[in-house]
Amino acid sequence: MNVKKGGYNFNAVEKKWQRFWEERKTFKANDCDDSRPKYYVLDMFPYPSAAGLHVGHPEGYTASDIVTRYKRMKGFNVLHPMGWDAFGLPAEQYAVETGTHPAETTQRNIEGMRRQIESLGFSYDWNREVNTTDPNYYKWTQWIFLKFFNSYFDETEQKAKPIEQLPIPEGLSENEKCRYIDDHRLAYEAEVPVNWCPALGTVLANEEVIGGLSERGGHPVIRRPMRQWMLRITEYAERLLEDLAEVDWPESIKKLQIDWIGKSVGAEVKFEIENCARDLWVFTTRPDTLFGATYMVFAPELDVVDMITTDEHREAVEKYREQAARKSDLDRTDLAKEKTGVFTGAYAINPANNERIPIWISDYVLISYGTGAIMAVPAHDERDFEFAKEFELPIIPVVEPDDRQQAESVRQGELCFVGDGRAINSGQFNGLPTAEFKERITNWLAERSLGQKAVNYKLRDWLFSRQRYWGEPFPILHTKDGRVIGLSEEDLPLELPVVENYKPAGTGESPLANIDDWVNVTLADGSKAKRETNTMPQWAGSCWYYLRYLDPDNNRRSWDPEKEQYWMPVDLYIGGAEHAVLHLLYARFWHKLLYDLGYVSTKEPFKKLVNQGMILGEDGQKMSKSRGNVINPDKVITGYGADSMRLYEMFMGPLEAIKPWSMQGVEGVHRFLQKAWRMIVDEDTGELAEAVKEAQAGEATVRLLNQTIKKVGDDIENFRFNTAISAMMIFVNHLGQREIRPKSVVEKFVLVLAPFAPHIAEELREKLGHTDTVAYEPWPEYDKELIKEKEIELAVQVNGKIKDRIVVAAEADEEQIKQKALGSKKVIAAMAGKEARKIIVVKPRIVSIIT
RNA sequence: GCGGAUGUGGCGGAAUUGGCAGACGCGCAGGCUUCAGGUGCCUGUGGGCUUCGGCUCGUGGAGGUUCGACUCCUCUCAUCCGCACCA
């Protein structure tokens with residue numbers, strides 16, 4: 001801590017300016033201001049945890065705040081809001097343990113974290129703060145859910161439409177009509193095999209299950225059929241895929257989404273089953289290998305298995321099916337190494353060559369993908385190959401690789417070849433290359449009504465209900481006669497009732513089910529109904545929060561269309577990469593529905609996405625309580641100040657890189673701020689330093705100033721904050737040593753520093769005689785001409801080795817440089833009397849002489 | 001197994017995208033200031049050799065392209081992160 005009275009007292013300075021900004025509402029964003037271009041900078045809003053902020057939060061928040069402050073100085077009208085993603089398990093678990101209402105815990109945690117965030121001096125417009133657990137917020141989450149419920153997806157137009165416009169087939173009874181409509185809603189109930197987590201007492205979405213364990217807590221997850229609410233995200237698979245081309249996101253994140261959607265193009269092929277009236281369709285990406293299909297495999301869960309199994313094999317089949325059903329996802333992953341399965345006794349007919357092929361069941365075929373059945377081509381599919389080897393099934397090669405040796409091994413049935421080649425053993429198609437064969441056989445099948453072109457996605461519908469208390473209640477009623485009806489808009493929000501026990505029943509019902517007077521409802525016509533007792537998953541509130549920031553206090557509608565058109569899309573979204581397929585996919589999905597229904601004007605919500613990397617502990621390990629390597633931001637701020645904290649977070653390395661914390665590194669940037677302070681302020685008096693005065697700046701200083709302005713600006717635009725800070729350090733090292741520090745130069749430097757270390761920048765500007773905030777000062781311009789060096793230094797290489805350096809005038813031409821280089825004594829010595837065969841001049845860098 | 005990312009001094013990291021490797025910061029060493037510690041200031045700091053002028057090796061490893069490679073190509077190793085039988 002500084003003892004001198006005019007020293008850099010960061011604690012006082014930071015408090016002073018934070019109060020100033022708050023009182024003046026410095027960072028209030030104005031809606032629909034057409035006099036300036038708009039810019040929307042969004043942070044992934046945090047879960048308000050009892051542990052408070054960790055050092056990972058301020059990393060992204062500082063980066064976005066630097067861009068925000070920079071853009072403001074560049075004349076943009078910037079929207080930079082903050083809020084709370086406050087539904088979630090920790091507050092609920094705490095409630096189960098202590099009986100404290102989650103709302104109370106949440107409120108306390110929010111206040112703690114808001115104080116922490118404010119202490120870092122981020123320029124949020126706090127007037128727009130949102131909280132997903134506030135009924136005034138989740139009213140509109142429920143409202144959007146009703147939009148899903150009251151919409152269907154028009155296949156030809158590839159967009160959602162109001163359910164009233166759904167064409168209903170003629171001749172349906174009233175009941176059938178209802179059923180038909182319910183089956184087309186984008187939010188629907190279904191009895192589906194779900195990921196049930198006994199430890200959490202709830203079901204989870206596919207995206208929340210990692211390797212058979214729950215994403216939160218790492219508890220085992222088993223498969224079990226249950227009645228659940230689903231959102232029809234699969235209808236949007238193609239658009240979610242296509243529109244990725246429009247956004248400026250890291251390629252790695254795009255790829256994760258592409259893989260998660262998992263589009264594959266191929267054909268559906270019809271197989272007849274012997275002694276069975278039903279045909280069976282399979283999906284394949286390799287219709288060209290149809291002649292090599294020597295058996296079929298059905299998923300154990302497939303319903304036709306019962307019908308086709310012969311008495312002789314029934315016992316073995318039943319046993320296998322039971323085993324498969326009992327396996328959890330984790331077991332299934334573990335046992336994936338070896339192929340298991342049993343023969344059903346039934347046969348199918350290969351439509352290409354009318355061969356009889358046996359039908360097996362095996363758990364390597366998934367009920368949830370394609371038709372739950374496959375044609376097995378062991379010669380050209382690794383899994384089928386393994387299976388065929390295990391059970392000694394015939395292997396017929398139908399694709400010949402170009403490579404001679406490979407081709408021989410494939411013919412012998414020793415090698416499984418999955419690449420492209422030429423057709424063999426395929427009747428009239430022999431000799432065709434793979435790509436052409438695919439086309440031809442697909443057409444051939446289509447002409448005979450045996451198949452057609454088909455597309456499949458790995459993406460499944462989104463399992464949208466949870467058996468928890470602390471989530472948005474569904475605005476849904478179940479009537480006595482079995483109808484499902486949505487509440488009307490006037491009845492929102494449907495508030496969470498008070499309960500005595502927060503524990504999930506564990507049977508698949510949420511704690512809400514126990515509250516009789518909430519569950520039971522009498523409708524307007526006097527009939528009885530029950531409320532839906534599931535709640536929405538944690539992701540619901542975060543799917544649209546960026547829209548509520550635009551108009552957070554609106555009681556009449558979710559947001560004003562005019563404001564939406566002004567601010568959207570989000571220009572910059574910064575957050576962790578862990579949300580690649582969860583939040584970021586879900587939010588895009590919701591946005592597309594809102595787009596189809598005309599509530600938003602952009603196809604995609606987030607134009608540019610930047611991921612921040614994880615910050616590790618000082619030991620290079622992931623920070624965790626048990627390792628004891630957690631860094632508390634509060635301590636850093638108390639010891640070095642918010643500006644040092646911000647600066648260090650950015651100086652550590654590239655924003656998106658994983659990097660370890662270092663307290664000594666914090667001291668390093670703190671020293672830089674001290675130096676900058678002393679460059680401008682006299683430590684003894686607290687007045688402007690004597691060296692800072694009206695004076696003409698020297699040539700070197702002017703050049704460095706202009707270079708620094710350019711470098712810092714360019715680096716901010718490219719999210720290279722570490723090198724921007726390095727450039728400012730170079731500048732301070734230079735100017736701090738000058739006896740005279742021209743005021744005009746110092747002024748510009750403070751402006752450049754401001755987005756990074758706003759508190760000290762404000763204070764220094766005050767010392768320089770300003771009374772207003774730096775926040776809206778124009779970013780300084782640099783002069784291209786003044787950046788240029790008068791003289792340039794080039795290294796001279798002889799046969800690739802540097803022998804000398806020459807200094808020439810910046811405007812010297814190649815010939816002059818050559819002559820100067822050849823005139824160097826050291827160069828002459830190195831050439832040892834030989835002729836220069838070739839001389840290469842790379843203007844500001846190097847001269848290369850080859851003898 | 002498949003896919004992606006990364007690999008540069010004692011440490012975090014720079015390198016205008018094929019042109020002087022190691023900017024900036026940390027750490028360390030020496031000096032000044034100081035009763036002392038700390039702060040602050042100055043100098044030095046990739047390895048090896050050196051007659052102190054230099055020489056030489058050096059960006060995970062092995063090849064290659066080029067006057068010239070951290071950067072491009074081929075192979076390979078290590079670490080981290082996704083996905084995990086998707087037909």
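Proteins get letters first, then strands, A, B, ... in listed order; numbering begins at 1 in each. Computation of the quantities below employed the complete heavy-atom set of this structure, encompassing side-chain atoms and omitting hydrogens, waters and symmetry-equivalent molecules.
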Original post:
Please, what dot-bracket string fits RNA chain B when only Watson-Crick and G-U pairs with both distances under 3.5 Å count, crossing ones use [ ] and pairs to another strand use |?
Top reply: (((((((..(((......[....)))((((((.......))))))((((....))))..(((((..]....))))))))))))....
Subject >> Residue closer to the 5' end of RNA chain B, A:Gln797 versus A:Asn722 (nearest nucleotide) >> reply: A:Asn722
Does [N] have OP1 or OP2 sitting under 4.0 Å from an N or O in the side chain of [X]?
{"X": "A:Tyr369", "N": "B:A87", "value": "yes"}
{"X": "A:Lys255", "N": "B:C81", "value": "no"}
{"X": "A:Ser252", "N": "B:C81", "value": "no"}
{"X": "A:Asn733", "N": "B:C24", "value": "no"}
{"X": "A:Gln737", "N": "B:C42", "value": "yes"}
{"X": "A:Arg720", "N": "B:A14", "value": "no"}

**OP:** Have a look at B:G9 and give me syn or anti from its glycosidic angle (syn if within 90° of zero).
**Re:** syn
**OP:** Classify the glycosidic conformation of B:U74 as syn or anti, calling it syn when the angle lies within 90° of 0.
**Re:** anti
Original post:
A:Phe731 vs A:Phe749 aromatic rings, parallel, tilted or perpendicular, using cut-offs 30° and 60°?
Top reply: parallel
Original post:
Within 45° of the six-membered ring axis of A:Tyr364 and under 6.0 Å from that ring's centre, is NZ or CZ of A:Lys339 located there?
Top reply: yes
